[in-house]
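Notes to accompany the following structure.
Just so you know, residue 1 is the first one in the sequence shown, and it goes up from there.
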Amino acid sequence: MSQVEKKAGLLRRTSSSKKPLKEKVVLMYDEIFAKEDPAKNNPRFWDELFLMKVNLEYLESKLESVDGEDVQRIQDNINSLFHHCVQALGEEHQIKVVNALQTLCALFRGVHQKNKSASGFDIINMLMGFDKAEQRMKDLMERLDSLLCGDSSESLKSLCLKLLLCLVTVTDNISQNTILEYVMINSIFEAILQILSDASSRGQHGYDAVVLLALLVNYRKYESVNPYIVKLSIVDDEPTLDGMGMVVHQALTEYNRQYKDKEEENQGGFFSTLTSMVGSMFIADADEKLSVQTNEAILLALYEAVHLNRNFITVLAQSHPEIDIAATPTTTTPTTPTTPLGTTPPSLDMMSNPELPLDPNLQTSNLLITFLKYASIVMQDTKDEHRLNSARLCLIILTCIAEDQYADAFLHDDNMNFRVSLHRMPMRHRKKAVDKNIPSRPLVCAVLDLMVEFIVTHMMKDFPMDLYLRCVQIIHKLLCYQKKCRIRLHYTWRELWSALINLLKFLLSNETTLLAKHNIFHLALLVVNLFNMFITYGDTFLPTSNSYDELYYEIVRMHQVFDNLYCMVLRVSTNTGQWKEAASKVTHALVNVRAIINHFNPKIESYAAVNHISQLSEEQVLEVVRSNYDTLTLKLQDGLDQFERYSEQPKEAAFFKELVRSISLNVRKNVSLNTLSQDVLLKEFSTIS
């Protein structure tokens, strides 16, 4: 049978001369698309329609095939179909409700697909009639709210959320979907919160609810007052915030597990043997194979919660056992769509059972740790657009966290120590880290490790300048907190200093190439000012006086990099050109670094000459440093512990607009009601009814 015949819902051919029979529901659709009122000759038409199994494909294709002139002719019937769908949602007969929900989805999709270039008002008019739209949408939202908050079956609630996701993502640009004005007026925010606060409903529908909320928050967020933004920002109900955190946590945990499984799979077998035989020449290829599709939708939900609601910060730190989802039985429901790897909602049992027995030998975790592990995976490879967006969003989330006083307090809390096993990019010159060797430390150490790891591993031709700027700014904000609160963090600071010096070295080596695309002087200034923070205030937050000595040792040891940087910025700042002012700022910022180098280098050389030593050991250099602090003169630099606070508008607006567009397209693709297994649904409700 041809594709066209399948769409038309043909049943069989009786003979070559006779036309194939059509399903009754298809015949009824044809009546709707005729000029006459379908109920004129059959008063029970609408009752009968919603008892029929929906043929989504045929209905959508019929809507898409309507010509411009036919729109006016059948508009009354389409309006009537919409109206009767909404009415059917109030029926006690569950099959009618199921069919009405699916028909509404086909209507939204079909009409938008056909009228992509039409204005939002034209689409509203075709669907429900502009003069009646307000009442129709009020009725629809009230009935959906009632179904979501009432005692409806879980399958029915899932179908309601699928319809809402279908409605929200029906246009590429969510802010051009004028119908959503009615979703703003007739809010379902409380229904979403109710789902998230209840363990059972969260297990079934939490993922869809969180994604729906994240999308609704982004509707015209810069153009008008979005009630979902306002309401999300003031939620203080602990079970609701915990529920939202649990959904995000489980989705990210599932992603991390999938990545780990692929990693282990990759380490076994022929490929691994071949790699070990011929060395590490295939490391890059092996890493490519570990790619797991990112989940920007759930990451966006985490961002909105962290950015908008200060109460959510407490959720990040709540400890619970670190659970391997793979060991947890997963309940499969017919309402969960088949989604790509990495975007699947987590196991239902996991989300509905937050209270699990604590094993004293089990490592505890929290949402922040899971997020840091996720970030360490997606930040490894930023060549792919989705992973680049994910990495950028991870760093924006960390920026918001680093600016929050409460978040900083628990990040630096010595009583909250964790072993955080971050994923590290395979590199030829270093061995793979062993998880067992990871010490238990305050969480800020894991954040700093993540920043250092990114700095070290992304010095490449296609330089991700934006991500580097964010990394360095996050480090700066954490140092500002440590300086302000005089927190002496026991961290391997030398790894950070080494990474920053190597970054400066990279900028110098690739000056011409990078300047064609980026203002490298801004990044260089931020890096130099990090060293200035350590030089000026290090005695207040470095763990020991030895750490301060080691800082000077690193600066003197790598003086050639700073000397070369000074020569470069001096050259650019004394010539006329677009980078003159930016380079000049770096020249001034280097004053104390150069003072240290110019002060200690002659003394080290003198010490070596007097003692007839050709090459001094580290301890000998440190001895020279310690004995010559008194004669060192440094300039006090203002504003080192000040920073510009994060603001989404206007700097990040374009990024979020494109990100939401990408998420919307992905959600639309995955929310296919055909995957809801109509036969299973209808069988379920036919036994109920």
Side-chain angles (χ1 to χ4, degrees), residues 379-383 388 391-392 395 399 425 427-430 448-479 493-535 551 554-598 637 640 643-644:
M379 286 167 65
Q380 285 183 36
D381 174 19
T382 55
K383 290 170 189 168
L388 181 66
R392 187 174 180 180
L395 291 172
T399 300
M425 189 185 286
M427 296 181 81
R428 294 182 183 90
H429 63 272
R430 68 179 183 186
L448 289 168
D449 283 350
L450 183 63
M451 298 302 99
V452 169
E453 175 66 11
F454 181 85
I455 291 168
V456 168
T457 56
H458 288 76
M459 292 180 234
M460 53 196 180
K461 221 177 254 184
D462 191 11
F463 190 70
M465 175 63 81
D466 176 72
L467 303 188
Y468 268 96
L469 290 170
R470 293 177 195 277
C471 269
V472 175
Q473 286 166 341
I474 288 165
I475 295 167
H476 179 237
K477 286 168 184 178
L478 294 172
L479 292 182
W493 291 111
R494 286 180 85 158
E495 287 187 11
L496 172 61
W497 300 330
S498 174
L500 293 172
I501 291 169
N502 283 328
L503 175 56
L504 291 175
K505 196 173 177 181
F506 175 82
L507 295 179
L508 288 165
S509 303
N510 298 274
E511 176 194 347
T512 310
T513 311
L514 293 173
L515 272 177
K517 294 181 180 177
H518 309 290
N519 176 4
I520 62 171
F521 302 105
H522 181 43
L523 178 57
L525 178 65
L526 294 177
V527 171
V528 171
N529 277 338
L530 280 185
F531 280 102
N532 285 330
M533 273 286 288
F534 283 106
I535 293 164
L551 167 68
E554 283 300 315
I555 292 172
V556 172
R557 185 176 74 86
M558 300 301 290
H559 71 90
Q560 195 65 55
V561 176
F562 293 105
D563 291 344
N564 292 344
L565 176 63
Y566 181 73
C567 290
M568 190 261 273
V569 293
L570 190 64
R571 167 172 49 82
V572 176
S573 63
T574 51
N575 293 325
T576 53
Q578 69 176 116
W579 306 118
K580 181 180 171 71
E581 190 180 340
S584 180
K585 288 179 182 176
V586 184
T587 311
H588 293 125
L590 280 166
V591 62
N592 281 341
V593 172
R594 294 190 71 241
I596 290 167
I597 293 166
N598 294 334
Q637 293 177 306
L640 291 175
F643 58 81
E644 184 183 349

Task: Greater than 12 external heavy atoms within 6.0 Å of Asp462's CG - done: no
- [ ] Specify the closest pair of heavy atoms between Glu453 and Thr457, including all atoms of both residues, with the distance to one decimal.
- [x] O-OG1, 2.7 Å
Open item on the list: As an exercise, state the distance from NZ of Lys585 to OG of Ser573, rounded to the nearest 0.5 Å.
Closed with: 13.0 Å
Task: Beyond-backbone contact of Tyr468 with His458, side-chain heavy atoms, under 4.5 angstrom - done: yes
Task: Distance-minimising heavy-atom pair for Ala499 and Ile455 - done: O-CG2, 3.6 Å
Name the atoms and distances for all side-chain donor-acceptor pairs under 3.5 Å in residues 514-531, with sequence neighbours left out.
from: His518; atom 1: NE2; to: Phe463; atom 2: O; distance (Å): 3.4
from: Asn519; atom 1: OD1; to: Phe521; atom 2: N; distance (Å): 3.1
from: Asn519; atom 1: OD1; to: His522; atom 2: N; distance (Å): 3.3
from: Asn529; atom 1: OD1; to: Asn532; atom 2: ND2; distance (Å): 3.0

Open item on the list: I want to check something: taking the side chain as every heavy atom from C-beta on, are Ile555 and Phe534 in contact at a cut-off of under 4.5 Å?
Closed with: no
TODO: May I ask you to test the Gln637-Val591 pair for a side-chain heavy-atom distance under 4.5 Å?
DONE: yes
TODO: Apply side chain to side chain donor-acceptor pair (under 3.5 Å) to Lys477 and list each qualifying residue two or more places apart in sequence or on a separate chain.
DONE: Glu403
Kindly list each side-chain donor-acceptor pair under 3.5 angstrom involving residues 562-571, sequence neighbours excluded, with atom names and distances?
from: Asp563; atom 1: OD2; to: His559; atom 2: ND1; distance (Å): 3.0
from: Asn564; atom 1: OD1; to: Gln560; atom 2: NE2; distance (Å): 3.3
from: Asn564; atom 1: ND2; to: Gln560; atom 2: O; distance (Å): 3.3
from: Arg571; atom 1: NH1; to: Glu511; atom 2: OE2; distance (Å): 3.4
from: Arg571; atom 1: NH2; to: Glu511; atom 2: OE1; distance (Å): 3.0
from: Arg571; atom 1: NH2; to: Glu511; atom 2: OE2; distance (Å): 3.3

- [ ] Supply the atom-to-atom distance Leu640 CG to Asn592 CG, rounded to the nearest 0.5 angstrom.
- [x] 8.5 Å
- [ ] Using a 4.5 Å cut-off on heavy atoms from C-beta on, say whether the side chain of Leu551 contacts that of Trp497.
- [x] yes
Task: From OG1 (Thr513) to CG (Leu507), nearest 0.5 Å - done: 11.5 Å
Task: Closest contact, heavy atoms only, Lys505 versus Val561 - done: N-CG1, 3.9 Å
Task: Pairwise side-chain contact, Leu469 with Met465, heavy-atom cut-off 4.5 Å (strictly under) - done: yes
Task: Approximate separation, where rounding is to 0.5 Å, of His476 NE2 and Glu644 CD - done: 12.0 Å
Open item on the list: Return the CD to CG distance between Gln473 and Leu395, rounded to the nearest 0.5 Å.
Closed with: 10.0 Å
Open item on the list: So, taking the atom named CE in Met451 and the one named CD1 in Ile475, what distance separates them when rounded to the nearest 0.5 Å?
Closed with: 7.0 Å
Open item on the list: Does Leu467 form a side chain to side chain contact (heavy atoms under 4.5 Å, CB included) with Leu388? I'd like the steps, not just the answer.
Closed with: CA-CA 9 Å; Leu467 303 188; Leu388 181 66; 3.8 Å; yes
Task: Counterpart residues, side-chain contact (heavy atoms from CB on, under 4.5 Å), relative to Ser509 (two or more places apart) - done: none
Task: Qualifying salt bridge (Lys or Arg N to Asp or Glu O under 4.0 Å) pairs with a residue from residues 518-529, counting only residues at least two apart or across chains - done: none
Task: Test side chain to side chain donor-acceptor pair (under 3.5 Å) applied to Arg494 - qualifying residues, sequence neighbours left out - done: Glu554, Glu618
